Each structure stands twice: as C-alpha cells, then as structure tokens.
Amino acid sequence: MQHANRPSCGSWRRAYALAITMIVLVVVGILTAVMLDRQSQTTLAVSRQLDQYQEHHGKKGLAEVVEAYLLMLQNVSMAGLIEEDPHLFDLELADRSIVSVRFEHAQGRALAYPNKLDTRVRDKAERVLMHLRELVGPERLDRLTRVDGPMAIDAQSADEAVIRAAARAATQDMELGDRLADELLRARADHELTRADVGRIATRLELSTEQRRDATELFTVLPAIWGVRVELRTPRFGNEPERLVSAYEGLVQIGTSRARRTGRGNVFLSFEPIDLAEQATGATSDRGLRRREGE
C-alpha cells in the first residue's frame, strides 16, 4: 500500500523540470531587466552628450553673432544706443525662429568677487561690498553685483545704493561719503557725467589726495562692461504666438575707443543659458551676470 502512494519517477522528473524552468525564466527575466536598464542608461548618456554638444555649439554660434554685430558699432556710443532702445536687433534663422538680442548697463553693479583683483585695489572693492551689504541686505545684494569686469563702477547708471557704497568706500567716512554720493547723484540728474565733474566735486568737498585717488579708481564715466540677453523664440504659425524656448545672459567687455574695439574673440566675459522654469517662478535668472564663485 505504501509503495502504491509514492509518486512515480516520471512525476518527480516533471516537477524537477518545472522548477528548473521557473528558475531559468526568473534568471532570464532578471538579466533582461538589467540589460534594458543598462541600455536605457546608455541611451540617456548619449542623449545628454548630444544635448551638451548642441548647447555648446549653439551658444558659441549666438556669441559669434553678437560679436559680429558689435564690430559694426565702431564709432557708436553703447550708452547712447541702449538709451535709445535696449532691444538692439532680431535675427531670423533658416527655420524662421527668431533670435532677439538686448543690451543693458552692467558696470553700474559692484564687483561681487574682489579676490579676483590685484592686491593693491582688492581692499577698496571689499569695502564697497561691505557698505553695499549694510545698505541693502543680502537679498538685494545679488541684483546689484556682477561676477566679472573691472572694479570701477559706472557713476552714470549705478543704483543709488551702489553709488553711496562706493563713495563711503572711497572716503572711508560715512558722512563725507554720503555727501559725495549726493553730489554725484545731483550732477547726473542734471546732465551726463564727465571726468571733470568727478574732479570738481572732489575739489568742492575738499577730499584728501588719497580720497580723491580712491574716488577716481572706484568711479568711471566711460563704462566698458555691458549685459547682454539673447532669446530664441519659435516662429509664428497661423494664430499661434511666438514662444520663448531658450535664453542666455552674460557680460561683454567693449573698449571705449575704436582702437580697442577692432578684432574678434574674448568679447564675452560670461555667457550662460537661463533656466526658464526657474525664471517663471520669479527666481533670479541672470546667471551670466551673477554666477556663483567657482562655477
């Protein structure tokens, strides 16, 4: 009777084969999943490399377009041009996309990273930042600083807080510095500032030789640093409006005389893509003007 209840050899073989088959299927499934995952990662890596390649060459192409345009402005005052219309030009691409280029004053911002400067002038730029931080706080400080360019601040276009911070740094005297700032602000409201204006104000306030020298180094009326924003928009189709698809912001350095404007290359101090999603939320967008140190 006991022998009659035992499974036959054929039943054992079938059960064993089924178990082996299940194990093989599981192993094959795992290997397939791993291979698909690796293939997906490889595809993503290739896609990222292609995006980076296109981004690099697209950015370089846009920069060359802006440089070529600037070479045509040999005898044109950038300040006067921006005053007339900061939207300098549009360019229609082969697919009818529109590249729009705008310029703005940038040397009215204080230099954000004085450690890039020569030790002889570094302390002056650090004093400007210290006074500016005291005047506006850390939140507004980012909007009033730039990452590159010379220490000198454009007295004609700078925010009042930047003028006041630089004046206090030049005189190392809060009361005298505020008087210097007030005189500069009053003069520029009346007419376009000249170097002679700065000298006359310094004389009228009886600045010392050192204070006059520092004021001359900290203020300029001939800016060479300008902000640029380049936007790429889709073409219009029927009733569909243009749509902003990408944007770049940066700083360009342009000589103040014709002799320094000739020649291509190295016009851009910085030129970076903008995160449009971040910009839509109201966050700071101009990376080109205010990159974080070490980027």
Side-chain angles (χ1 to χ4, degrees), residues 78-79 82-83 104-227 251 253-254 256 269 284 286 289-293:
M78 287 300 298
I82 292 174
E83 188 72 24
E104 67 173 354
H105 294 280
Q107 202 163 335
R109 295 180 173 94
L111 188 61
Y113 305 122
N115 60 314
K116 295 182 177 182
L117 297 173
D118 184 84
T119 54
R120 187 185 67 82
V121 296
R122 186 182 302 166
D123 64 322
K124 299 181 183 65
E126 288 174 346
R127 291 202 302 267
V128 174
L129 271 183
M130 179 190 70
H131 288 299
L132 187 58
R133 190 177 292 109
E134 292 172 352
L135 284 166
V136 303
E139 297 82 10
R140 197 171 165 222
L141 183 67
D142 277 350
R143 295 194 294 273
L144 297 174
T145 56
R146 54 185 161 84
V147 69
D148 282 310
M151 172 184 67
I153 292 163
D154 179 18
Q156 187 66 45
S157 66
D159 184 274
E160 178 181 343
V162 180
I163 293 285
R164 204 166 294 281
R168 290 179 181 181
T171 60
Q172 300 191 60
D173 182 300
M174 186 170 296
E175 182 180 350
L176 184 57
D178 285 344
R179 288 171 58 198
L180 173 58
D182 291 339
E183 291 281 352
L184 288 170
L185 292 168
R186 200 159 25 242
R188 80 175 189 182
D190 182 61
H191 59 271
E192 187 172 346
L193 289 174
T194 65
R195 289 177 177 175
D197 289 322
V198 179
R200 279 193 294 268
I201 291 172
T203 300
R204 187 158 58 245
L205 295 177
E206 298 181 345
L207 299 187
S208 68
T209 302
E210 183 180 355
Q211 289 171 334
R212 182 188 291 265
R213 183 196 67 218
D214 288 353
T216 302
E217 290 184 340
L218 282 170
F219 290 110
T220 183
V221 295
L222 297 173
I225 305 299
W226 307 90
L251 290 172
Q253 185 164 11
I254 305 171
T256 56
L269 298 176
T284 300
D286 45 352
L289 298 181
R290 294 181 291 279
R291 288 186 317 229
R292 295 300 178 190
E293 188 171 18

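In what follows, every heavy atom counts, from backbone to side chain, and hydrogens, waters and symmetry copies are set aside. From a predicted model like this one, the values you see are computed outputs, not experimental measurements.
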Among L132, D173, L176, L135, side chain to side chain contact (heavy atoms under 4.5 Å, CB included) partner for R168: L135
For the atom pair CD (E183) and CZ (R204), what is the distance rounded to the nearest 0.5 Å? 4.5 Å
Between the side chains of R212 and T203, is a donor N or O closer than 3.5 angstrom to an acceptor N or O? yes
Residues D182 and R179 bridged, charged N to O under 4.0 Å: no
Are D123 and R127 close enough for a salt bridge, meaning some N to O gap below 4.0 Å? yes
Taking every heavy atom of D154 against every heavy atom of V221, the minimum-distance pair comes out as OD1-CA, 4.3 Å
Count the heavy atoms of every other residue, nucleotide or ligand shown that sit under 6.0 Å from CD of E134, and state whether that count exceeds 12. yes
In Å, rounded to the nearest 0.5 Å, how long is the span from CZ of R213 to OG of S208? 8.5 Å
Heavy-atom distance under 4.5 Å between the side chains of D178 and M174, does that happen here? yes
Side chain to side chain contact (heavy atoms under 4.5 Å, CB included) between D159 and R140, worked out: CA-CA 11 Å; D159 184 274; R140 197 171 165 222; 2.9 Å; yes
Salt bridge (Lys or Arg N to Asp or Glu O under 4.0 Å) assessment of D148 paired with R109: CA-CA 10 Å; D148 282 310; R109 295 180 173 94; over 6 Å; no
In Å and rounded to the nearest 0.5 Å, what is the CD to NZ distance from E217 to K124? 4.5 Å
